[in-house]
Amino acid sequence: MSIRTLLSSPKQPLHLLKHHRYLSAIVDIDNVLPTQPQPQTPPNITSKLIHLLNSINTDNWNDNDELRQLLSTINTTPPTLIQLLRRLGTSAKALKLYQWVQTNVVPISPSLAYQAIFEIAAREPDSCLKLLDVLELSRDENVALTVESVAILVRSFARAQMVDEVRRVFNEIQPCNRTTYICNVLLALMFRGGNVDDSLVLLDEMLQLESESESGLGYPPNDSTGFIVFAWLLREKTVRPEMVVSLVFKLGDHGVFPDGMTIMRLITKLGHGSHCSQAWELLNGLMKIKEGPVDAQSCNAMLTWLGRTNDFQKMNLLMAEMKEKGIRPNVVTFGVLVMYLCKSRRVDEALRVLNEMTKEEENGEGFFVRPDVVIYNTLFDGLCKVGRPGEALALMQKMRLQNVCAPTTVTYNCLIYGFCKSGEIESSIELFDQMKEEGVPPNIITVNTLVDGMCKHGRIGTALKFFNDMQINGIKGDTVTYTSLINAHCRVNNIDKAMALFDEMMSAKCTPDAIVYYTLISGLIQAGQLDDAISIVGKMKASGFCLDAVSYNVLINGFCKENRMDKVSEIFKEMELSGIRPDEVTYNTIISSLGKSGDFNTATETMKKMIGEGLVPTVVTFGALIHGYCIIGKLDVAMTIFENMRSTSKVSPNTVIYNILIDSLCKENKTEVAVSLMDEMQVKGVVPNVITYNAMFRGLQEKKWLDKALEMMDRMQRQACNPDYVTMEILTEWFSAVGEMESLRNFVQEYQVSASLPRNEAKLR
DNA sequence: TTAGGGTTAG
C-alpha cells in the first residue's frame, strides 16, 4: 500500500516525478576538476588582480592595460579563473567576470562558474534574492547545476522557509541525480509547513526507489529521514495509528529505526489515543529485530498502557519476550507491574514481583534489580487498601532490617491510612508518633488521613483536637481536612458545626472545591434544610463550579422527599439547560416520588420521556412503580408490572423488588403468594435479606404458620443472614405468646457461635 | 508511590 492511501483526507497528489522540466543535469565536480597538478599563481599577483577587478568599473575591463598585463602573467586555465571568480566581493561582479572571461579570455565550465557565483551569493546580504536572480540566469542559459550548487540553493531556501523554491529546484533535477540530503531538506520543510500529502508522496518515492540505489539510482532514506519522519509522527495530532506503525516498519525495512526514547514516545502517544493494539504491534514488530532498538524504557511505556487497560496477560507476555530478547528490565519496569497489580487489588501477585526482582544476585548488590522506596510504598498502599495493614507493617520492618531503603513520609501515610481504614486508630496514632521520633516529617496528607480516619470511626472530638494541635504545630488544614470534618458533622446531623467549619475554611483562605460543596449540599439536603442547600449551590456557582449529575440528583431527591414538585421540575429544567443530561437515577427518583404520591399519569409520562431520551428503564424504575401501586393497594397492577418487567422488558427482578411484593402480599394477608415468591427467589438465585425475612415473619405471624417460620429461620441461618432488632421484636412477641422461646434462644445462640468463629468458617455455616 | 464527596425502588 502506498503511504498516501493511508491518509484520511485524500488530496490531489503532487506528481514529483511527472510534468516538470529537466532543465539541468547534475555535474559532478570531481569529474570536472583537473587531475594534473596546475601551476600556482603567486599570491601577490592574485591579490592585485582581485583588487583591480573589484575597484575598476566592469565596462572598463577591456581597456585596462594593467588588467591585461596581470592576466598575461598568470596561467589562465579554467580552474585558475574559477578560483579568481570565487574570491570576488559580490555575485554581480563574479557573474560579470564569468561573462567577460568567456568571450575575452578562455571558455570555462558554466556549471563550475555558477557554483562559484552561488557560493558568493549565499554569503551576501539578501542572499535568497541574489540566489534567485543567479538561478534564473542559469536557467536561461540552460546550465547544468552541480551537486554543490543544488546543496547551496536548497540549504539557503530551506533556511528561509522558501518551500516552493526548494521544490522547484528539486523538480528540476533528474530523479537519478537527487540525493537523500536534498530529499530530507524538502521533506522536513513540507512536513513543517503542514503539507502532509506531498511529504508522504516524496517519502513513498524514497522508500520505493531504495532498491535501485545499489545501481546508483534512488535516494534511500537515512537516519536523518527517520529523524524527520519520527518527529512528525510524534508532533502530528491527526496521524492515524495505522500510519505510525506502517511508516516505522517501512523505514525499518531500509535499516532506519527510531531509538528507544522515540519508541517510548510513540507508544505513549498511541496509548493516549486508546490505540493500544497498534502500540503492541509496533513494539512487537521492532522487537523481532536482532539487537534492535527496543530497550527497557520502550517496554515500560507499553506495560503502562497494558496496565491501564488491565491486560495482565499481555503484560506477562511482554515480560517473557523481554527475557527472551535479553532486554533487561529496570526498576521502573517492576514499578509499573507492581502498581497496576495493586490497583487491581492483585496484591499477592505484586508481592511475587518484589520477590522476583530481589531473588537473583547478578550485579554484586544482591539484587536482580534493587527495588526502590516507590515500589515498596506502592506495595504498602496495595496491602493497606485491601485491608492488610499488618502485613504492610511487617514488610516495612523487613525493608528496614535488610537495609534496602528507609521509610519516607509516603510510607507512613500508606500505613496510617491502612490502620485507620481497619478502625485501628490507636495503631495509626502510634505510627504517627513513631515517624516523628524517626525524623520522618508528617505532611498535610498524614494529618488528613488521621483526621478522616478518626471521623469515620466516630471520634470526631479526637479529630478536632488533633487537627487543632497540628495547626499549632505548623501544619495548616486544607480543603481536604475541612471536607472530612464537615462530612462527619453532617452525618451526625450537626449541621450548625458543619456550616461553622465551612466558614472557618473560608476565613483560613482554603479555596473550596466541588467536593466540599457537594459534601455540604448533600448534608443540608439530608437534614431537610433544602433552602440552605440551594443557597450553597448559589455560592458554588458563583465560585465557578458546576453541579454534576450526582449533585443534581441529590437536590432533586431532597425536593422529591418534601414533595416540592414545582422546585423539582425547576431543577430538572436547569439541569438540562446546563448541559447535564438527566440519567436513570434522575428519572427513577422522580418516578418513585410520583408513584408514592399516586400520580401514575405523570409517572408514566416521565417514564416515556426517559425512554425518549434513549435511557432504558431499570429494575429501580419498575421497583418505583410497583411500590407505588402496592402503596394504594393495587397489588394486581403491581403484579402485572412485575410480569411485564420480566417478559417484555427482560429485566430480572432483584431482592428489593421481591421485598416490595412480599411485604405488600403479607400485609394484604396473601401470605401463601408471598411464600411462593420466596420459593421463586430461591429457584432464580435471588438471595433474600433481613428485610425479606422480616416481611415474611410478619405475614406468617398473622397466619400463625409456626412451622413455616421455623423453616424460614433455618434458611436464614444457612444463608448467614443476620437477624436485626425488627426480626427479634416480631419473633419475641410471637414465640413468647405461643411458648416457643426455646426455639428462638437456639436461633440466637447459633448466631452468637457464628460471630465468634473466624470469618471463613462463619461463612460456611 | 500517599489524603476528602457520590445520588434512585424495600
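The figures here come from the full heavy-atom set of this structure, side chains too, leaving out hydrogens, waters and symmetry mates. In what follows, every chain begins at residue 1, and chains take the letters A, B, ... in the order their sequences are listed.
Taking the charged nitrogens against the carboxylate oxygens, A/Lys385 and A/Asp381 do have a contact shorter than 4.0 Å, which makes a salt bridge. The residues A/Glu574 and A/Lys567 are annotated as not salt-bridged, no charged nitrogen and carboxylate oxygen being separated by less than 4.0 angstrom.
Using a 4.0 Å heavy-atom criterion, one finds that A/Asp372 contacts no nucleic acid atom at all. Among the heavy atoms of the strands, none lies under 4.0 Å from A/Lys343. A/Lys421 comes within contact range of no nucleotide atom at all, as no heavy-atom separation falls under 4.0 Å. When heavy atoms are screened at a 4.0 angstrom cut-off, A/Ser522 is found touching no nucleic acid atom at all. Contacts of A/Thr589 with the nucleic acid, taken as non-hydrogen atoms under 4.0 Å apart, involve only primed sugar atoms and P, OP1 or OP2. Backbone-only engagement by A/Asp381 is indicated by non-hydrogen atom pairs under 4.0 Å involving sugar-phosphate atoms exclusively. Residue contacts shown for A/Val338 are absent, as no nucleic acid heavy atom lies under 4.0 Å away. Note on A/Asp583: nothing from the nucleic acid sits closer than 4.0 angstrom, heavy atoms only. Residue-level contact check: A/Ser551 touches the bases, meaning some heavy atom is under 4.0 Å from a base atom. At the heavy-atom level, A/Val554 lies under 4.0 Å from the strands shown only through sugar-phosphate atoms. Counting any heavy atom pair closer than 4.0 Å across all strands shown, A/Ile691 reaches a base atom. Residue A/Thr479 is classed as a base contact, given a heavy-atom separation below 4.0 Å to a base.
First and last contacts of DNA chain B with chain A, using any nucleotide atom under 4.0 Å from a protein heavy atom and ordered 5' to 3', fall at B/dT1 to B/dG10.
Aromatic pair A/Tyr340/A/Phe312: ring centres not closer than 6.0 Å.
Between the side chains of A/Asn443 and A/Thr446, at least one donor-acceptor pair of N or O atoms lies under 3.5 Å.
Note: A/Phe545 and A/Tyr517 have tilted aromatic rings, judged against thresholds of 30 and 60 degrees for the angle between ring planes.
The side-chain contact (heavy atoms from CB on, under 4.5 Å) test applied to A/Asn722 returns A/Tyr751, not counting sequence neighbours.
Other residues, nucleotides and ligands contribute only 12 or fewer heavy atoms inside 6.0 Å of the NZ atom of A/Lys465.
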